[in-house]
Amino acid sequence: MAQSNDLFFARTGMDRDRVQSTVDEALKGSDDGELFLEYRQSESFSFDDGRLKAFGLRAVAGEATGYAHASELSEDAIKRAANTVRAVAHGHSGIVAASPARTNKHLYTDIDPLGSAEFETKVKLLEEMNAYARSKDPRVKQVSCSLTGEWQNIEILRPGGETYRDIRPLVRIGVSVVVEQDGRQESGSFGGGGRGSYESFITADYWHAAIDEALRQALVNLDSIPAPAGEMTVVLGPGWPGILLHEAIGHGLEGDFNRKKTSAFAGLLGERVAAPGVTVVDDGTIGGRRGSLTIDDEGTPSGRTVLIEDGILKGYMQDRQNARLMGVAPTGNGRRESYSSSVMPRMTNTYMLGGDKDPGEILASVKKGIYATNFGGGQVDITNGKFVFSCTEAYLIENGKIGPAIKGATLIGNGPDSLTRVSMIGNDMKLDPGVGVCGKNGQSVPVGVGQPTLRLDGLTVGGTAA
């Protein structure tokens, strides 16, 4: 793949100095802003080689943001965008904030996932996955497989001539299986991916294991019984169940919600918001993870931000605008879905650190409760932290032993309160397999989640048992 400066200037015929002059003039009097250039290639198993060159120009004045974008990458289009965003600074006399600090770290350089396997290989892979899944069990009635890849190259131009570049590969493989027995149908799924090439995900060992796991979940659910309801002890498994942490707690720790005081965590810095031993971090520097970036979409280097330490609220995730308005430093969490979206503070890889308890000891400590190992959809109210999450794989716990699988269980509570109910933390912290997607204000970005096995006391469970 060509380097960013070739993609955006030599190939388009634009003059870098003239474009820089347009950016400087457009952002005069603003507090912050940048020209965000994007080149993106993406594919799925159903089509190949979709391409897009585009830009977004943003001006920030106080709490106001002016934003314009276009999929036509030319000097004239950038000038038209400049005329649009200039209005936000009318009558404002701000001085553009200092540029983000530089970093010598590059998480991804020459990785090209789209070119890491031939198109015919990808199509054949999906055919083999389908055949393998159907050969495993006669109860398999439906198989869905997917393989997607993306290569994104960005360049950020700031007033004064500062430029920032990043390359961002992304791949994902997924499978879902529907089984039927005696007229009852159940499903299971598994997916994996990250910021790299296809190579490690299209090996037979990997996709065999992915299908085996999806089929295992489906067959477990065939034998499930209706879930009980009421207040009870809940044990969350490691890894993907961290999506509950992400939704119920993570969004409430983003800077914009706290600056506007619409988060349940607003104004609580330095106070206890969780049980002792609970430490939550957001880390965008872990190589290969879906949420990891060399720099965020404003040019700030990604970092490791401690949000909660031993139960005490230590900080929020910040983009440049909210950090400036709150008088703190940006944390590298300014993200946007694409050139056509404005920046917001968003999570990268958000997870809880491990504790000192053996997972078996945690399960053995529960006389009666449920063990939830997989989650589907959920809803969260940021203002009060209330959440409802559906379990796609869960079991009864009876006298310290894992009992039958249950169907239709939902976890109900609120994020700040649930953190105080953590009574045991496992030593098995695990990140998810690489499938997380986070939505906020209509924008979706890839993220990572994780946690160890956790015991929470007195959580409300919604069930289907009569």
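Note that these values count all heavy atoms, side chains included, but never hydrogens, waters or copies made by symmetry.
Using a 4.0 Å cut-off between a side-chain N of Lys or Arg and a carboxylate O of Asp or Glu, R139 and E186 do not qualify as a salt bridge.
With hydrogens and angles left out, the side-chain atoms of T203 and D205 include no donor and acceptor closer than 3.5 Å. Using a 3.5 Å distance cut-off with no hydrogens or angles, the side chains of T305 and D282 do not pair a donor with an acceptor. Between the side chains of R259 and N322, at least one donor N or O lies within less than 3.5 Å of an accepting N or O. Between the side chains of Y316 and D256, no donor N or O sits under 3.5 Å from an acceptor N or O.
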**Request:** List the steps and the verdict of salt bridge (charged side-chain N to carboxylate O under 4.0 Å, His left out) for E127 and K124.
**Result:** CA-CA 5 Å; E127 294 172 346; K124 183 179 179 182; over 6 Å; no

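Contact check for R195 versus L170: side-chain heavy atoms found under the 4.5 Å cut-off. N221 places none of its side-chain heavy atoms less than 4.5 Å from the side chain of K407. With contacts defined as side-chain heavy-atom distances shorter than 4.5 Å, the pair I286/S292 qualifies.
Taking CG from L245 and CZ from F387, the interatomic distance works out to 10.5 Å, rounded to the nearest 0.5 Å. One finds the CD atom of E393 at 10.5 Å from the CD1 atom of I406 (value rounded to the nearest 0.5 Å).
With sequence neighbours left out, Y198 forms a side-chain hydrogen bond (donor to acceptor under 3.5 Å, both in side chains) with E43.
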Under 3.5 Å, which donor-acceptor pairs link side chains of residues 355-366 to any protein atom two or more places apart or in another chain?
unit_1: D358; atom_1: OD2; unit_2: G360; atom_2: N; d: 2.8
unit_1: S365; atom_1: OG; unit_2: I362; atom_2: O; d: 2.6
unit_1: S365; atom_1: OG; unit_2: R455; atom_2: NH1; d: 2.8

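Remark: side-chain polar atoms of R335 are paired, donor with acceptor, to backbone N or O of M347 under 3.5 angstrom. With hydrogens and angles disregarded, a donor-acceptor distance shorter than 3.5 Å links the side chain of D428 to the backbone of T453.
Aromatic ring centroids of Y206 and F201 lie under 6.0 Å apart.
With respect to I154, the side-chain contact (heavy atoms from CB on, under 4.5 Å) criterion is satisfied by exactly one of R40, R165, R336, R168: R168.
More than 12 heavy atoms of other shown residues, nucleotides or ligands fall within 6.0 angstrom of atom NZ in K440.
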